[in-house]
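For reference, the structure is listed below as structure tokens.
Heavy atoms only: backbone and side chains are in, while hydrogens, waters and symmetry mates are out. As the structure lists them, so they are numbered: ligands from 1, and atoms in each ligand from 1.
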Amino acid sequence: MKNIDWASLGFAYIATDKRYVSNYKDGAWDDGALIDDPNVTISESAGVLQYAQTIFEGLKAYTTKDGRIVTFRPDLNADRIVASAKQIEMPVFPKERFIDAVEQVVKANIEYVPPFGSGATLYLRPYEFGTNAVIGVKPCLEYQFRIFCTPVGPYYKGGIRPIKLRISDFDRAAPHGTGHIKAGLNYAMSLHASVTAHAEGFDENLFPDSATRTLVEEAGGANIIFIKGNKLVTPKSNSILPSVTRRSIVYVAKEYLGMEVEERPVALAEIGDFEEAGLCGTAAVISPIGLINDHGKEIVFSNGLETVGPKVRELYETLTGIQMGTVEAPEGWIHEIK
Ligand SMILES: *Cc1c(COP(=O)(O)O)cnc(C)c1O
């Protein structure tokens, strides 16, 4: 194992030894290989640089309690990047090859997989982008699919802290646009919203639907769940990114905790009725929400700004237990790297 102080790692890029690269040209992907070079050399007029033709994924490899090195539901990341590719006219990188590439990258960088109990993980970043020169607006003919990995530290240093959100006046996703795919372009346009939210003292934006601004959608990089009593409610909309974490939480709520689950449009006007809320994504699993500020009107959840509510805590502990091998996982969720 590398000599790294796992606990003090942040969420930042550190180059590791190997990355996987496959190039697409003349209508086909090449065999792909692990390489040493962390830099990408492409045309100054590459489609990714001019017209943002790029999509990505994010998942983690980590060590379970019994010492296995695993990833969590990589098949869902493989399916999602296929959907993303189709939506912005990129060639599909086959699902079996995606899983194989994930395995190759983890094995080649096995020394960077943090030990169980450190709270750190090896974050994997698969992505695909258009590489040939374009000036007229059209899909590229050549692409690169790449996976690198980087060790990241425990998300909550010094314990979980509830976060503060504001309802954004900026839009994240158009009703018939690209909100449901994991494309870099959705993130570029969220940066101004994010920087101004931070300047006002908020951790994240909560985006309403762009058409009516009356429904709750999601945060810039995380889906949202609400809790009332034994019921979990999560917004349903065609412009929300289908989070692997949120889909897993919905299953855990129903099948492990016996909760009632509603996936339906959620009105901004009803969020004050909920007792707890959380943001879900690979990085933090669940971030408890302390308050949501809707243009000066503050909705404070029952846990407040210092503590985590009981349902969010139970969901967090059950799902992280499944991931870490201390709670029995549903069939197919834990993908061991052998
Ligand atoms: C990646 C992402 C999420 C979280 O998805 P996970 O699969 O749980 O990591 C949520 N919303 C957006 C917009 C995202 O890009």
Evaluate [X] for polar contact with ligand 1, using N/O atom pairs at a separation under 3.5 Å.
| X | value |
| --- | --- |
| E218 | yes |
| V244 | yes |
| G220 | no |
| R172 | no |

At a non-hydrogen distance cut-off of under 4.0 Å, which region of [X] contacts ligand 1 (side chain, backbone, both, or neither)?
| X | value |
| --- | --- |
| I240 | neither |
| L241 | side chain |
| S243 | both |

protein heavy-atom neighbour closest to atom 9 (O) of ligand 1 works out as T282 OG1, 2.6 Å
The protein heavy atom nearest to atom 15 (O) of ligand 1 is Y187 OH, 2.4 Å
Using a strict 4.0 Å cut-off to heavy atoms of T245, name the atoms of ligand 1 that fall inside it.
6 (P), 8 (O)
Show me which atoms of ligand 1 lie under 4.0 Å from any heavy atom of N223.
10 (C), 11 (N)
Candidate pair N230 and K311, rule side-chain hydrogen bond (donor to acceptor under 3.5 Å, both in side chains), full reasoning:
CA-CA 8 Å; N230 197 42; K311 287 288 183 198; 3.2 Å; yes
State yes or no: are the ring centers of F93 and Y24 separated by less than 6.0 Å?
no
Anything under 30° is parallel, anything over 60° is perpendicular, the rest tilted; go ahead and classify F145 against Y20.
perpendicular
